[in-house]
K.L.:
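First the structure, which I've put down as structure tokens, then a few questions once you've had a look.
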Amino acid sequence: MFRSAATRSANDGDGAASPIQELTSLLEKVEKTVDKSMKNFIDSIAPYENYSVSNEDTSPNKRSSVLDSLIRLRRKENKDDSSPGEKKVDDAADSVAAETSNQDDEKVVPEVENLSLGEDAFVTPKKDSATAATTTETTSNETSAKKKNVFTFEPKEPKARFVPMPYTDMAQMVETVRRIAELVVVGERAAATISSETAKLDSKQWNDDTTEEEKLQDEEYVQIQDKIAEQEPYASIFDLFFEKNGLELITDVLTGKAFDLTTHLDRRVRDIEQAIAVIQNNVEGADEETKLERLDKCESKLKALDELKEMEKYHGMVLLPPLAVATQGFQSVSILVQNVKRATSLFFILSNNHINQLINFPLDDYHIAERSKLESIGGPGVGTTPTFISPRRFSSPELAELTTTFVTFLKSLALRMNAETLQFFLTYPGGTTIESDTDYLEDVNDDPDELNGDDGERPLDEVVGNKSAANAKKANRPVSVKTIQVEFPLYDRALEFCSAQQDSFVRVTAMNICMNTLRLTTVAPKQGEDEPEVDMENATGDSPDAALHNAKALPLRERLAIAQYVCTPSRVEKLASPIFTKLAQLWGILEEQFRDVESSGKEKQLAASNLEEGAKDDPTLRANDKVARAREIARRQKYSSIFCDTSDNLQDELLLLEDVLRVGLTSFNEQTIEMMFATFVYPLLLQPLVVYFQRNPIGAEFLFADALNDHSAGKEVKQSDTTAIEKAVVSAPARSALFCLAAAFQFLTNMPLLRLLFTAVFHPLSPDASGETMIRAKADVACMGDDGKAAIRIDPVDENGKVICETDRSSYAFGTVTGRKTKTATGDSNSEETCVFVLAPALMEILEFNGDDGGIVARSRHNPYRKAIFQCFTLSKEVSDLESLSVIAVDSAVSAFDEKFLSDILFGLDIKRYRDNLPRDEGFKSILSEPDLDDRDIGGPGTLATESRLSLGAPEGGKLGFDYMSEVISAFKSSLINAGPAGKGVWRLDYDMVAAHALLVCVRGNSEAIHRAEAAVKSRCSQAASFLADAPKSIDKFAHEQLSSVWETISPTVEGEENNRDDNLYFGAIMDMIVRGNKPSILSNFLWLKQDLATEEHEVPIYVSISTVGNYSEVGERACTYSPLEAGGAETALKNSVWSTGAWFKINALGSMLESLGNGREHVLQNQKLGGFVFNQSSDPIFPYPADGKTIYSFISSTSDNAMFGVDKKDSTHVEAKPGAVLDLVGKIAFPCVCEVPPACAPLFSEAGAKVVSQGITWQSLYLVILGHDLVLVEPEKRSRGEGRVVTRCKLEDLIIEKDPDDARTDTTARRLIVINYNTDLKPPGLFQFGKAPNPEEQGPFYKVKRWKSGLDIWFENSHALSLAYEKVGQSIAKAKAERGSFIRRYLSEGGV
């Protein structure tokens, strides 16, 4: 950044000025530029015309303003022609720089009268001296009269404007200020270098008689001397800078003090008086007439300046440098603060009051001046209309740059704040004296005998009912301490830039400054160490290293003073409330985007969706379809991009809140959390969920329609006519609420906050909003430490930085120890110094309820937000967009807690314990049936009799009798897998892996919940299986004609029996296409565990992924879900049927896992991270898979595996025929054939078999036999009795056959049947050969399941024999596939269990 001293010396040359001379010259240049600018400015506004010597009559009654302008122009021309002597006097008293006409920042407009505050023209109307007094008096009287009757705007802000400065002067001043900072930093570093190098010389060991010549022989000594000599010219620059008051000069320029109008007016008067003295002494020997003329001229100027002093419009005016100069000034000071190396240099900079003046920099004045400047650009009259806009709401690019630079300057100061420098930023005007640790504590009444009257008006730690709880917790218990009055200008100034309206960079930088200050209070001495003391005299080393958090602890008094200062409610609000303001703004933006996405999406339906099936061959319609699809894709990309920007901004705000909470200042966190619940959580995250059900125009029949339930009940599944606009208007606020709720649990880690938030959403009880108790308390910044002494209340954290809580139900105190309970908002405490807690203590009371205190049950109501969010699980995807978002919101919430906490809260175990302990009498029954009134018109007595799912009324059985566990598991049952429209009138099953993860997290700590979840999942699996069994019928609706060939293959047409075909085989063939087809293939979801393939003792189970942890990306994807763009109805139906099959296998595997857990393995998942493992059937069911740390894999049931690949045990035609077995061929169709025998397959045949070796190739005579669902090749017995020996067998359903054409070969009549086997086995059937050896794709501990291709050539005697075999085998293959599909359909129809 800076050039070294050696480089500058080399570039400057021998004749260049020394650094000291350069610095002196630069400082003088700044002063001269300031004086010149003010001289020009004063001369431009002084009413010299009123006192000019002229022969003309200048009375206002006889001269117009146009004539005044002409006269001034003529005087300017005459001045150029005046004599040299006259010019010298003019130069001393009246000259105006020629560059003024070229100035860039301001333009003088002398003709404009009575400009508004801050206007650039300051010249008053010309008055004749004889009538000036009369005119002034008359005008004053008229003005007074007008003020009584006419409304006028009186700006409260001070008068401010920029000093006119020519562009050349401004650019020169910017460079001068920059060069001054560069020189000073180079000089300070040079002095630091000389000091360190001199110390090195002093440390060298020399003999007493060592001469200088001998020292010069030491290479290190010479290098040090050279370095010192190199830096010597710059060594005194830093000291000279302060001797010349350089920092004061820059500060005065930035704050406008250097441009004080009164000071410069007095200076201008003195200059003219000196000029008069020169004229009177007649130094130049002028004649008497010239002398008198010059004296008259000077005296008239003195009168004009005196009048200028009396002008009211200039009283209190603040003159400021141009924005470019101010920006460079702060950059220079920041460079100076950031780059000094010696601690003493930093102390010297901070010890002057100039830094405090810069901290109080009048930025608002710059806003006023810039606004006035820009308003005046429009010409005369534009700036005369007063504006009501706040100065801080006005901005320009130049002002934004200045603001950014100023905040960066504040940050540079915060970076240098530590134990030694804190005294320069923190002052004690109150003179508080504290001599020992006990002096911090205030006297509190701990005598229970003196407690009389209403407890509600006493401090809570004095209330008898809280006495035992207070005494039980001495360590870290909040205590009242004396208030230490301090002033902290740096922190207060940084708070001003934390508002939500500030630029993001400015705001984040300011918040970092504040958080750095907060962290100063959280660095305490290590255990066993004494309180630190600040020793300024010995702090002579390097300056602070610019680390945001200095590890050295401050003394307790300073930490306590800062903690009290920053935890004042008014200051907490300034820092924290802008975060919630921004979150509320982003919530509204999300809501608008959700509305727009839905509305515009339906208005731009794809043209292809309206095409008739018969019209799709029309080229014009196909072209329109492509255009419509392209437009839809572009629309989706546009909205996705916009939504990503908003979600990123939301993430930034939540991370900013997380940073504030992670500082760990407990009192500050308590107030922030209370503010969050009052301004963000309840109004924007929870209430929209309730409003959604209250105001939804869609009937419950469609809103809660469950296609799987309806299908199981025999009802027809059909789509509703709900429009997208209706969906968007109603659901947009709730979608935005769920999105933000999920994001909050994703990014916030403060456990006390998360517990309260979880309680507010999911606890069965909710605070009664009517008559809530208010707690008023001073900020509890101190507590009793473990050593019995006062300490700062800091969140204890573990090695990962997470807050450590005493129990799984504990949170913060929220004033419940030292505060007072009231029922109203009034109080005798200063509102700015008193913390008010309402929501957080009420939630904390419910959170800590463990079944003992029945008063909490009586004071609370049922939680409508819990019921709302779980009912979102059951909403129909067709008419609502909330189901998927509510699932990931719940998953994000439950993933933050352990299983015991979740079981107690979600399943209402505390309420159950309380209910079980109640006496079984009539009183208990009355409690169960007592109506639960609601203060928000949600439910209540009027809705209890006809409870509907839309009312969100009290639960059946009351707060105590309701089965909360069933409520949770039933909601998950609906969300795990459901059917929804997928376009083109097709429905499909969707499995939610995030919902599965949330369910496992919730139930893993409770064995009863695991068993209930198992039953619910199996029930849902059966419903999904029944739905999937009818998928072939849906495909037949769209592709009946295309599938007509299936009929012919399975069952050739017999005349007169066309209507007697077997529908089961037809739909079975379609089911086989779905389950066992290749494009797309369901096998892509299947996995084999490598360790299972290594053993052949048992069947190898198939694994699928069943759950995954939701993340923020998943939240965004669910918020912007679009229906797929499919081409045609048949294609859509087939793809969605394959998708549905994959979904069913996942819920099947989830059921298998829960069944295994219920069989004595309930403990397996406790304290286990739910992700990154495989659940298997071995004795150790958890097989780690760390590479995929978010997913759980489980095995599908053996029955479903058998339905896919096994044998139908109800099939009477099945015959077991293993290789080597003897098969009776009598009554069976057998086709004679010949096969080549590879050497590896020779053991399959008997030695006495019918073999022929020709040209080195062994040929074997065989019989091809169709045996049930298998193709069998049989070696005929030598002594034939109608029997044969089985050589190989393969399933017909796995085969594809091809044949040679009739004219394939002319050298022989033999013809070939090519049999291709597609099977998942890694070993081919006997005689079959792989074209390419199987190479299974690995996925961690798995192999992906895939069908491998093997082939066999079977030769027949001639074409006729081949045709007979081809026809029979082909028909048998088709029938076998259809029967396999029928078996699968029957299995699914029976429930898939």
Side-chain angles (χ1 to χ4, degrees), residues 333 337 343-344 346-361 407 409-435 437 439-440 481-498 510-525 531-537 539 543-544 546-572 574-575 663-665 667-668 778-779 781-782 790-794 832-833:
V333 178
V337 173
T344 52
L346 181 63
F347 298 158
F348 201 77
I349 293 174
L350 299 178
S351 61
N352 296 283
N353 195 43
H354 310 312
I355 295 299
N356 284 331
Q357 293 181 26
L358 292 179
I359 291 175
N360 297 319
F361 173 67
V407 174
F409 160 72
L410 296 180
K411 183 180 179 181
S412 69
L413 294 176
L415 290 172
R416 295 294 196 165
M417 192 162 50
N418 65 358
E420 285 76 21
T421 61
L422 184 63
Q423 62 170 326
F424 303 116
F425 303 99
L426 192 69
T427 58
Y428 297 85
T432 304
T433 301
I434 296 177
E435 298 180 355
D437 293 336
D439 287 347
Y440 291 107
V481 293
K482 296 178 181 179
T483 301
I484 305 176
Q485 298 293 337
V486 295
E487 292 181 356
F488 205 157
L490 177 60
Y491 186 81
D492 278 341
R493 197 64 202 270
L495 280 179
E496 296 180 12
F497 297 95
C498 294
M511 292 198 69
N512 281 331
I513 297 172
C514 295
M515 285 187 284
N516 178 45
T517 306
L518 294 175
R519 288 188 179 96
L520 291 175
T521 67
T522 63
V523 180
E531 284 293 333
E533 296 181 358
V534 178
D535 186 4
M536 292 295 298
E537 295 182 359
S543 62
L548 273 178
H549 324 303
N550 195 296
K552 184 177 180 181
L554 300 177
L556 178 59
R557 186 186 73 158
E558 278 68 26
R559 286 186 282 120
L560 185 59
I562 295 176
Q564 289 180 336
Y565 189 84
V566 300
C567 290
T568 303
S570 59
R571 295 187 180 93
V572 173
K574 289 181 180 179
L575 181 57
V663 171
L665 190 55
S667 179
F668 189 96
K778 292 175 61 177
V781 300
I792 305 298
R793 287 183 70 205
I794 303 172
E832 293 186 358
E833 303 294 333

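This one's a predicted model, so the numbers in the text were calculated from it and none came from an experiment.
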K.L.:
What residues form a side-chain contact (heavy atoms from CB on, under 4.5 Å) with Thr427, not counting sequence neighbours?
P.N.:
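Thr427 satisfies side-chain contact (heavy atoms from CB on, under 4.5 Å) with Pro429, Glu487 only.
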K.L.:
For the pair Arg559 (side chain) and Leu554 (backbone), establish whether a donor and an acceptor sit closer than 3.5 Å, ignoring hydrogens and angles.
P.N.:
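Between the backbone of Leu554 and the side chain of Arg559 there is a qualifying donor-acceptor contact (under 3.5 Å).
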K.L.:
What distance do Met417 atom CE and Leu422 atom CG have between them, rounded to the nearest 0.5 Å?
P.N.:
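Answer for the CE-CG pair, Met417 versus Leu422, is 6.5 Å.
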K.L.:
For residues Leu575 and Cys514, report the shortest heavy-atom separation together with the two atoms involved.
P.N.:
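Minimum heavy-atom separation between Leu575 and Cys514: CD1-CB, 3.9 Å.
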K.L.:
Does some side-chain heavy atom of Arg571 sit less than 4.5 Å from a side-chain heavy atom of Asp492?
P.N.:
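Yes; the side chains approach each other to less than 4.5 Å.
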K.L.:
When rounded to the nearest 0.5 angstrom, what distance separates OG in Ser667 from NZ in Lys778?
P.N.:
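Going from OG on Ser667 over to NZ on Lys778, the span is 11.0 Å.
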K.L.:
Rounded to the nearest 0.5 Å, what separation is found between the CD1 atom of Ile513 and the CG atom of Leu518?
P.N.:
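Rounded to the nearest 0.5 Å, the CD1-CG separation comes out at 12.0 Å.
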K.L.:
Is NZ or CZ of Arg557 both nearer than 6.0 Å to the six-membered ring centre of Tyr428 and within 45° of the ring axis?
P.N.:
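Judged by the rule, Arg557 and Tyr428 form a cation-pi pair.
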K.L.:
Run the side-chain contact (heavy atoms from CB on, under 4.5 Å) test against Thr521 and tell me which residues pass, sequence neighbours left out.
P.N.:
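side-chain contact (heavy atoms from CB on, under 4.5 Å) check on Thr521 returns Ile562, Ala563, Leu665.
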K.L.:
If only atom types and distance count, is the side chain of Arg416 paired as donor or acceptor with the main-chain N or O of Val337 below 3.5 Å?
P.N.:
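Checking the backbone N and O of Val337 against the side chain of Arg416, a donor-acceptor pair under 3.5 Å is found.
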K.L.:
For Asn352, what residues pass the side chain to side chain donor-acceptor pair (under 3.5 Å) criterion, not counting sequence neighbours?
P.N.:
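By the side chain to side chain donor-acceptor pair (under 3.5 Å) rule, Asn352 matches no residue at all.
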K.L.:
Quick check: do Leu350 and Phe425 have side-chain heavy atoms less than 4.5 Å from each other?
P.N.:
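The answer is yes; the side chains approach within 4.5 Å.
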K.L.:
Can you see which heavy atom on Val407 is nearest to which on Ala510, and at what distance?
P.N.:
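That would be CG1-N, 3.9 Å.
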K.L.:
How long is the span from the CZ atom in Phe361 to the CG atom in Leu410, to the nearest 0.5 Å?
P.N.:
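Result: 10.5 Å between the selected atoms.
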K.L.:
For Arg493 and Ile359, indicate whether the former's side chain and the latter's backbone hold a donor-acceptor pair under 3.5 Å.
P.N.:
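The answer is yes, because a donor-acceptor pair under 3.5 Å joins these two groups.
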K.L.:
When the ring planes of Tyr565 and Tyr491 are compared, do they come out parallel, tilted or perpendicular, using 30° and 60° as the limits?
P.N.:
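Taking Tyr491 first and then Tyr565, their aromatic rings stand perpendicular (interplane angle over 60°).
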K.L.:
Among residues at least two apart in sequence or on other chains, which ones pass ring pair (Phe, Tyr, Trp, His ring centres under 6.0 Å) with Phe409?
P.N.:
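Phe409 satisfies ring pair (Phe, Tyr, Trp, His ring centres under 6.0 Å) with Phe330 once adjacent residues are dropped.
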K.L.:
Hey, could you give me the CG/CG distance between Leu426 and Leu520, rounded to the nearest 0.5 Å?
P.N.:
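So the CG of Leu426 and the CG of Leu520 are separated by 10.0 Å.
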K.L.:
Could you list the residues that satisfy side-chain contact (heavy atoms from CB on, under 4.5 Å) with Asn360, not counting sequence neighbours?
P.N.:
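Counting only residues at least two positions away or on another chain, Asn360 forms a side-chain contact (heavy atoms from CB on, under 4.5 Å) with Pro489.
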K.L.:
Given side chains that start at C-beta, do those of Ile792 and Thr522 come closer than 4.5 Å, heavy atoms only?
P.N.:
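They are not in side-chain contact.
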K.L.:
Quick check for you: to the nearest 0.5 Å, what is the distance between Glu496 atom CD and Lys574 atom NZ?
P.N.:
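Answer rounded to 0.5 Å: 7.0 Å.
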